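Notes follow once the structure below has been shown.
All values reported here derive from a predicted model rather than from experimental measurement. Whatever order the structure lists them in is the order used to number ligands and atoms, beginning at 1.
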Amino acid sequence: MKTLQVALAERSYPIHIGASLLDRGELILPHLATPRVAMVSNETVAPLYLERLAAPLVAAGVAIERIILPDGERFKDWQTLNSIHDALLATSCERATTLIALGGGVVGDLAGFAAATYQRGMPFIQVPTTLLAQVDSSVGGKTGINHPRGKNMVGAFWQPRAVVIDTATLETLPRRELAAGLAEVIKTALIRDQPLFEWLEANIDRLLAREPDALAYAVERCCRNKAEVVAADEREEDREGGRALLNLGHSFGHAIETGLGYGVWLHGEAVAAGTAIATELSHRLGWLAEADAERVRRLIARAGLPVSGPRLGAERYLELMRHDKKVAAGRLRLILLTGLGRAVMTAGVAEADIAAAINDCCERDD
Ligand code: NAD
Ligand code: GLY
């Protein structure tokens, strides 16, 4: 097992990474303020893993409420959030009860937001079971739900007390979901870790084959990067980029998810296509060499991910992107690449250039 630390003063917490950590109650027990837990999962993950996670806690005398959500991005909404609050109230959970989120990014974001808002905030622990959640969403404290007009538009920063990553849970993940997680791994490499990018070029097939060493390396490397970024700019306030750089490809990606309807494309697939568009735009502006842009596209494609977006029309993309959380003083701010492993946030790109990059990428066949 490896343990990393997210350094946020009194809100610091460990990230434990290893195989079969679901059985290690001692990683969770020290973080419980009272011997009571509300475990939030979904109808797919709960039958696979909930009782294994619960067993050592029950053996230690912890009482567990089980809250099982429907599965899918389309359920990341007010109604499902409300159902968590209902269940917490129905079982008289208290402010000091600990909520444990067991599942992918949808469960983590929803349950985290429920924890942030129930009785003005209860402690929570992330136990992520998708590659995407293990490399990205479980770390950093962004929680929330979608609005019909915009992805992740309602939420809160609420840091977990611990993140427990059992990499063996990836064995049951559908292949399409594994690939979706790789989009965030590629993103992490592109914004700040060129050696990781080169490692991915050499090892992407091992990741797709779920070789445990390769998966553990990618998870640890991404968590290390994310922990550093979050520790430096927890609330995305750095005007030079900081945490916002983690949103490479996301302005376009969120437009795809909202434009098509939540769940039609997976989040990771939309991020992959968005990263391809951001790459094209970076090249168009003369910031990224054609050879490097080609390397990005090739890696995304080798991961089994799309390098072009759906044909919503550039005007529709731009309309959806005007709701992006990085819009400031009415100006769209984008994350673009200045090299492999180097990214910047910029507000100065003309809409005509953005539209041209969208049109170019969305006309190309995958
Ligand atoms: P997801 O949570 O929908 O999980 C994908 C699918 O895999 C689901 O059907 C789920 O039930 C299933 N699943 C989960 N673990 C499994 C396992 N071990 N075995 C078999 N099936 C399993 O999707 P995701 O890709 O994990 O997360 C996407 C969400 O994360 C999006 O809503 C996105 O906005 C959010 N996100 C949040 C952050 C953040 O910082 N908070 C960062 C990135 C993404
Ligand atoms: N996934 C973006 C962030 O955590 O900031």
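Looking only at atom types and distance, the side chain of T169 has no donor-acceptor partner in the side chain of D166 under 3.5 Å away. With no hydrogens or angles considered, a side-chain donor-acceptor pair links N152 and K76 at under 3.5 Å.
Contact of the T91 side chain with the R36 side chain is registered, since non-hydrogen atoms from C-beta on lie closer than 4.5 Å. At least one side-chain heavy atom of P195 sits less than 4.5 Å from a side-chain heavy atom of R221.
In this structure, K226 is part of the shell of residues with a heavy atom less than 4.0 angstrom from ligand 2.
Numbered from 1 in the order shown, with element, the atoms of ligand 2 that lie under 4.0 Å from a heavy atom of K142 read 2 (C), 3 (C), 4 (O), 5 (O). Close approach of ligand 2 to D136 (heavy-atom distance below 4.0 Å) involves ligand atoms 1 (N).
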Run through all N or O atoms in ligand 1 and write down each protein N or O closer than 3.5 Å, as a pair with its distance.
unit_1, atom_1, unit_2, atom_2, d
ligand 1, 2 (O), G105, N, 3.1
ligand 1, 2 (O), V106, N, 2.9
ligand 1, 9 (O), D71, OD1, 3.0
ligand 1, 9 (O), D71, OD2, 2.7
ligand 1, 11 (O), N42, ND2, 2.9
ligand 1, 11 (O), D71, OD1, 3.2
ligand 1, 11 (O), D71, OD2, 2.9
ligand 1, 15 (N), T129, O, 3.3
ligand 1, 15 (N), T129, OG1, 2.7
ligand 1, 18 (N), T129, O, 3.0
ligand 1, 18 (N), T169, O, 2.9
ligand 1, 18 (N), T172, OG1, 3.4
ligand 1, 19 (N), T172, O, 3.3
ligand 1, 19 (N), T172, OG1, 2.7
ligand 1, 26 (O), G105, N, 2.8
ligand 1, 26 (O), T130, OG1, 2.6
ligand 1, 27 (O), G105, N, 3.2
ligand 1, 32 (O), E73, OE1, 2.8
ligand 1, 32 (O), E73, OE2, 2.9
ligand 1, 32 (O), K76, NZ, 2.8
ligand 1, 32 (O), K151, NZ, 3.0
ligand 1, 34 (O), K76, NZ, 3.1
ligand 1, 34 (O), K151, NZ, 2.9
ligand 1, 34 (O), N152, ND2, 3.3
ligand 1, 40 (O), K226, NZ, 3.4
ligand 1, 41 (N), D109, OD1, 2.9
ligand 1, 41 (N), K142, O, 2.9

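Aromatic ring pairs are classed by plane angle as parallel below 30°, tilted from 30° to 60° and perpendicular above 60°; the pair W199 and Y217 is tilted.
No more than 12 heavy atoms of other residues, nucleotides or ligands sit less than 6.0 Å from atom CZ of R239.
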Begin from the C-alpha positions of R322 and L332 and carry the test side chain to side chain contact (heavy atoms under 4.5 Å, CB included) through to its verdict. CA-CA 7 Å; R322 288 188 192 105; L332 193 56; 5.9 Å; no

